[in-house]
Amino acid sequence: GEHRRELRVLPPLRQRRERARRRPEPRNWVARHRADETVAPMALAEYGHVPPAVSIGQSPGKGRGLFAGRDLRAGEVIFTELPLVGMQHLGNAERVEACAMCMRHVGELEAQLARLVFDDDSARALIPRAMPLRELAFRACPPPYRCRGGCGLAFCGAACEARAWGEWHCLLCAPCSDGAGGAMSDEAAPSADPARVARLDAFRAHALETNEIFLLAARVCATALLSTGRLGSWDAAWAPFAAFTQPPWWEAVAFSAEDCAAGGEHAAREQMREVLAESWALLRAALCDGHDAAASVALPVFADPQLYAQIVGMFERNNCSMLVASPVEDYFLHIDAMPDGHAKRAAEAVSGPVLDALGEDYALPAEGAGIFWLQAVLNHACVPNVSFVKRDEDVDGRVVLTAARDIRAGEELVHSYIDEGKPLEERARELRNYGFECTCQLCTAERGAAAGGSVGVGTGERRGGRKLK
C-alpha cells in the first residue's frame with residue numbers, strides 16, 4: 001500500500017476527504033492502537049506452519065504455488081509473516097532508527113526528528129526539547145535498547161536483542177565507540193577479540209563499498225552456523241532456506257539488451273564473481289576463526305564460495321520489501337487534521353517550521369528487505385488477486401497478505417512482482433530479473449493485440465520476490 005500521503009499540497013477540504021478515504025485519523029492514536037489489540041489476531045505464518053486460510057500445492061508448469069484454503073473476501077487479511085532473515089537498508093538507517101530485529105521504530109519524537117535532519121544544523125535548531133501535543137498525537141515508540149556487545153545496534157527491547165544475539169548477531173557483532181544513546185543490555189557478552197573485530201570490520205567495509213546484499217547473506221550464514229550447533233546437522237539448519245530459488249548471484253541478475261549487444265554482460269558477470277569471492281573469503285575468515293574453526297570450515301557454505309553465491313542469488317531473486325510507516329508522519333497528520341482554532345495554530349507555530357525543513361522526509365518510513373518463507377511461494381501475475389498492504393497496527397517489518405478481490409477456495413493466489421501498471425515491454429524487461437517470461441492473461445492479451453492475432457489466455461505465473469535495490 002501507499003506509505004506516504006501528501007501534506008499541505010491538496011486544498012483543505014479535498015485533503016481531508018483524501019486522508020479519510022486512505023486512513024482514518026483518530027484524535028488519540030495510542031487509544032486506537034490499544035483498542036485494536038483486542039481484535040483476534042490474524043494467522044501468523046512461520047516456517048513449517050501454514051495458516052488454515054491457505055495451502056501449498058503444485059501449480060501446473062510452475063512448481064509450487066499458494067492456494068486459497070477457503071473462500072476469501074475482498075480486503076480480508078489472509079496471513080501475516082515475519083522474515084526468516086531481514087535487514088533495514090543502510091541508507092535508510094542513517095535517517096530512521098529502527099529495531100535491528102523487527103524493524104519497529106525506536107526513540108522519542110524529538111530524537112526521530114533530529115535523525116531525519118542529522119546533516120542540517122539549521123533544521124535541527126528548529127526542533128524544541130518537547131514538540132507540542134506529543135502525548136496526544138505521537139505514537140509512542142520504545143526507547144532504543146543497545147546491543148550487549150557494544151556495537152551500538154538498536155533494538156526495541158530486551159526480547160528482540162536476545163533473539164538477534166542468539167540467532168545471528170553474536171557472530172557478527174563488532175564493538176565500536178560511537179556513543180549511541182539508549183539503554184544497553186545487561187547480559188554478559190564475551191570480551192571482543194581485536195583480531196576478530198578487525199576481520200568483521202574488513203568484511204563490512206567491503207560490503208559497504210560493493211553491495212549491502214552481502215550483509216544479508218552474512219546473517220544467513222551466521223544463522224545456519226549457529227543452528228548447526230544446536231540441531232546437530234547442516235541439513236536441519238539449512239532446511240528453512242532450501243526451498244528458495246537459488247541461482248548463483250551472477251546468474252540471478254538480468255542485463256539489458258544494450259548491455260548484451262555491447263559485450264558488457266560477460267565482463268559484468270565476471271566482476272560479480274570476483275566481488276563475491278572477495279566477500280566470501282572475508283566472511284569465512286571472520287566467522288570461522290574463533291568459532292569452532294575446524295567444524296565451521298567443514299560446513300558447505302565455507303568449503304567453497306558456490307553456496308555463498310547461491311545465498312546471495314537467493315536474496316536477489318526472492319527478497320521482499322519491508323516497510324514500517326513513520327510515527328513522525330502520524331504526528332504531523334494528526335495536527336493537520338485538528339479543527340481550526342487556537343490549539344491548532346499554537347501547535348503549528350512550532351511544528352510548521354519543522355515540517356517545512358523536513359520536506360518529503362516527514363513521511364520517511366523504515367525500509368528494508370528480507371526473505372519470507374511463505375510469501376516466496378506466491379507466483380506472479382500482472383493481474384494479481386492478492387496484494388501486500390500494511391495496516392495501522394502493523395508496527396514492525398512483517399508482510400500482510402490481503403485479498404484484492406473475492407477468491408474461491410482452491411484458486412491459486414498470485415501477486416505482482418513488479419508495477420503491473422507499466423507497459424508490456426517494461427514489465428517483460430523487469431521480469432527477466434526473475435528468470436521467466438510472463439504469460440498471464442494481461443501479457444497474453446497485450447501480445448496478441450500487438451501482433452494483430454487472436455488473444456489467448458495464459459497462466460504463466462512464477463515464484464519470487466522483490467528485487468533488492
Side-chain angles (χ1 to χ4, degrees), residues 82-103 147 149-155 160-161 163-176 178 180 196-227 240-241 244 246 248-250 252-253 272 274-288 291 301-302 305 307-324 366-372 397 465-469:
L82 293 166
L84 287 173
V85 177
M87 188 185 80
Q88 186 180 6
H89 291 312
L90 299 181
N92 180 258
E94 291 181 348
R95 294 185 177 273
V96 178
E97 188 164 38
C99 176
M101 190 68 198
C102 72
M103 267 183 58
C147 164
C151 69
L153 210 58
F155 297 90
C160 271
E161 192 274 342
R163 183 182 169 195
W165 185 265
E167 290 186 5
W168 50 268
H169 189 54
C170 65
L171 296 184
L172 300 176
C173 180
C176 62
D178 63 0
R196 175 182 169 276
V197 171
R199 291 191 292 269
L200 285 169
D201 286 342
F203 167 77
R204 180 177 175 83
H206 180 271
L208 295 178
E209 293 173 2
T210 56
N211 198 316
E212 68 176 17
I213 199 171
F214 295 134
L215 299 177
L216 274 164
R219 292 192 181 186
V220 173
C221 293
T223 298
L225 182 57
L226 291 168
S227 295
F241 307 102
F244 290 97
Q246 296 174 8
W249 185 40
W250 48 85
V253 176
M272 292 172 72
E274 294 173 4
V275 169
L276 183 132
E278 294 168 356
S279 176
W280 174 79
L282 291 167
L283 182 62
R284 184 177 187 269
L287 292 189
C288 292
H291 179 85
V301 72
F302 297 124
L307 183 54
Y308 186 64
Q310 291 178 240
I311 292 173
V312 179
M314 173 179 68
F315 274 106
E316 194 74 45
R317 280 281 175 89
N318 298 280
N319 81 79
C320 182
S321 297
M322 299 168 62
L323 184 147
V324 185
E367 294 180 290
I371 53 171
F372 297 78
R466 301 285 182 192
K467 180 175 169 58
L468 182 64
K469 300 299 182 185

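This is a predicted model, so every value here is computed, not measured.
Between Met87 and Glu212, the closest heavy-atom pair is CE-O, 3.9 Å. When all heavy atoms of Cys151 and His169 are compared, the closest pair comes out as SG-NE2, 3.2 Å. Contact between Met272 and Trp250 at its shortest, heavy atoms only, is CE-CA, 3.7 Å. For Cys99 against Phe155, the heavy-atom pair with the smallest separation is SG-CA, 3.7 Å. Closest approach of Ala366 to Ala98, counting heavy atoms only: CB-CB, 4.1 Å. Residues Tyr308 and Cys221 share a closest heavy-atom pair of CD1-SG, 3.9 Å.
The distance from atom CE of Met314 to atom CD of Gln310, rounded to the nearest 0.5 Å, is 9.5 Å. Interatomic distance, CE of Met101 versus CH2 of Trp165, reported as 14.0 Å (0.5 Å rounding). Residue Arg219 holds its CZ atom at 7.5 Å from CG of Leu172, rounded to the nearest 0.5 Å. Distance CG/Leu283 to CG/Leu215: 9.5 Å, rounded to 0.5 Å. Atom CG of residue Leu216 and atom CZ of residue Phe315 lie 4.5 Å apart, to the nearest 0.5 angstrom. Remark: Leu153 CG to Cys160 SG distance equals 11.0 Å, nearest 0.5 Å.
By the side chain to side chain donor-acceptor pair (under 3.5 Å) test, Thr223 pairs with no residue at all, sequence neighbours left out.
A side-chain contact (heavy atoms from CB on, under 4.5 Å) with Ile311 is found for exactly one of Leu276, Val85, Ile371, Val301, namely Val301. Asn92 pairs with exactly one of Glu94, Gln88, Arg95 by the side chain to side chain donor-acceptor pair (under 3.5 Å) rule, that one being Gln88.
With hydrogens and angles ignored, the 3.5 Å screen pairs a side-chain donor or acceptor of Arg196 with a backbone N or O of Leu171.
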Please test Val312 against Ser279 for side chain to side chain contact (heavy atoms under 4.5 Å, CB included), starting from the C-alpha separation and ending with a verdict. CA-CA 11 Å; Val312 179; Ser279 176; over 6 Å; no
Apply the test side chain to side chain contact (heavy atoms under 4.5 Å, CB included) to residues Met322 and Phe372: give CA-CA distance (whole Å), side-chain angles for both, the deciding distance (0.1 Å), then the verdict. CA-CA 10 Å; Met322 299 168 62; Phe372 297 78; 3.8 Å; yes
